[in-house]
Amino acid sequence: MSAPLRPRPAAPHGPAASRDRAVTGAPAAVTSRLLTVGVVGAGRVGAVLGAALAAAGHRVVAVAGTSGASRARLALLLPEVPRRPVTAVAHAAVDLLLIAVPDDALAGVVADLAHRGALRPGQVVAHTSGAHGLAVLAPAAAVGARPLALHPAMTFTGTPDDLPRLAGISYGVTAPAELRPLAARLVADLGGVPEWVGEADRPLYHAALAHGANHLVTLVNEAADRLRDAGVARPEKVLAPLLRAALENALRLGDDALTGPVSRGDAGTVQRHLTRLAATAPESVPAYLALARRTADRAIAAGRLRPADAASLLGVLAGSGREVAA
């Protein structure tokens with residue numbers, strides 16, 4: 001297990017704090033390096049980011065998390081930080097309240113905190129949702145809090161092993177103009193790089209990440225299951241070098257990394273795939289078809305597959321699609 005990050009010393013007060021005020025126009029308590037932070041939600045993301053902020057020198061003074069899994073994470077990542085009810089955490093978070101709850105729960109948590117008078121003017125209220133921007137924080141802004149959307153583009157395990165992985169990752173940030181310097185500094189304190197995402201683009205940004213990362217996990221596990229069906233005892237050993245090379249090539253070369261039967265227009269091979277999948281794992285056929293069609297489209301657009309050579313392949317995919325629908 002990796003060791004937690006070492007806390008970095010706080011920036012000096014006095015002239016340094018004055019320079020911060022000149023940059024942001026905000027009080028020194030908010031813009032100085034040492035912030036007083038509360039975390040609502042001790043899930044995989046909240047517990048890890050709380051630990052990373054503490055390692056950067058900020059004062060994480062309270063955290064809300066009641067499940068057994070949350071308590072276990074906090075024991076590993078923030079063992080000295082007291083657990084408190086959500087409203088108590090909000091009151092204690094003098095400078096920054098970090099809300100790391102599921103997307104569909106976020107609006108309710110923010111509205112409830114505002115309704116209970118737990119938020120205050122000047123306090124930065126940030127959430128870690130990729131799908132939401134600033135609109136979900138409107139109840140907080142209405143009472144004078146400063147809204148910030150701060151989403152780490154990373155998958156988390158909720159253990160100390162996540163801390164070293166934060167170095168160099170991107171954060172999808174949506175912030176009012178006056179809060180951008182503070183947002184950039186928080187991301188830097190976390191070891192990351194900000195990607196500024198417009199309010200209207202948050203759903204597209206998050207869809208791209210979910211499509212690339214979450215669906216990748218499903219795709220890898222589907223491939224592993226089908227290898228087991230084919231008698232391969234250790235599918236991870238077969239897949240690891242192939243998938244690592246495919247991912248690296250795709251990130252480096254884009255559509256030029258495409259290989260395989262679809263990019264070659266091998267209709268007969270694809271038909272045999274579909275026939276055997278239908279007999280062995282029919283639940284996998286719709287996903288195979290959808291990805292094969294999209295792969296063909298991209299191969300044609302990239303000039304990897306000539307339309308004339310794609311005709312038979314597209315016919316196989318269309319015919320199999322009609323069979324699945326029937």
Side-chain angles (χ1 to χ4, degrees), residues 4 7 10 26-27 29-129 132 134 136-152 156 158-160 162-163 171 175 179 182-183 186-187 189-190:
V30 176
T31 56
S32 63
R33 187 169 185 77
L34 182 61
L35 304 183
T36 299
V37 181
V39 180
V40 171
R44 296 182 181 187
V45 176
V48 170
L49 292 188
L53 287 169
H58 299 293
R59 295 178 60 245
V60 180
V61 295
V63 61
T66 58
S67 71
S70 293
R71 290 194 295 272
R73 289 187 198 100
L74 294 175
L76 285 173
L77 289 159
L78 292 167
E80 305 299 323
V81 178
R83 286 189 300 110
R84 296 286 186 264
V86 172
T87 53
V89 172
H91 282 297
V94 174
D95 302 318
L96 171 65
L97 178 65
L98 186 69
I99 304 178
V101 299
D103 291 347
D104 289 350
L106 180 58
V109 170
V110 175
D112 186 61
L113 286 171
H115 176 73
R116 291 174 179 269
L119 307 176
R120 68 182 63 81
Q123 179 185 35
V124 177
V125 178
H127 71 71
T128 62
S129 168
H132 290 289
L134 301 182
V136 74
L137 297 173
V143 298
R146 308 169 76 200
L148 175 62
L150 190 73
H151 174 255
F156 290 82
T159 70
D162 290 332
L163 292 170
Y171 286 76
L179 205 57
L182 175 62
L186 279 173
V187 171
D189 284 350
L190 291 167

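Computed from a predicted structure; not experimentally measured.
- The shortest side-chain heavy-atom distance between L148 and L186 falls under the 4.5 Å cut-off.
- With R83 contributing its side chain and G65 its backbone, the two residues share a donor-acceptor pair below 3.5 Å.
- The shortest heavy-atom contact between V48 and G158 is CG2-CA, 3.9 Å.
- A donor-acceptor pair under 3.5 Å is absent between the side-chain atoms of H132 and the main chain of A149, judged by distance alone.
- Between the side chain of R120 and the backbone N or O of H91 there is at least one donor-acceptor pair closer than 3.5 Å.
- When atom types are taken as modelled, the side chain of R146 and the backbone of V125 share no donor-acceptor pair closer than 3.5 angstrom.
- The CG atom of L49 sits 5.0 Å away from the OH atom of Y171 when rounded to the nearest 0.5 Å.
- Taking all atoms of both residues into account, the shortest heavy-atom contact from L78 to A54 is CD2-CB, 4.3 Å.
- Remark: the backbone N or O of A42 is paired with a side-chain donor or acceptor of R73 at under 3.5 angstrom.
- Formation of a donor-acceptor pair under 3.5 Å by the D95 side chain with backbone atoms of T36 is found in this model.
- Rounding to the nearest 0.5 Å places CG of L96 at 6.0 Å from CG of L98.
- Under a 3.5 Å cut-off, the side chain of Q123 and the backbone N or O of A93 do form a donor-acceptor pair.
- The salt bridge (charged side-chain N to carboxylate O under 4.0 Å, His left out) contacts involving residues 44-66 comprise nothing, where partners must be two or more places apart or lie in separate chains.
- Between the side chain of H58 and the backbone N or O of L35 there is at least one donor-acceptor pair closer than 3.5 Å.
- Contact detail for L119 and A90: the closest heavy-atom pair is CD2-CB, 4.2 Å.
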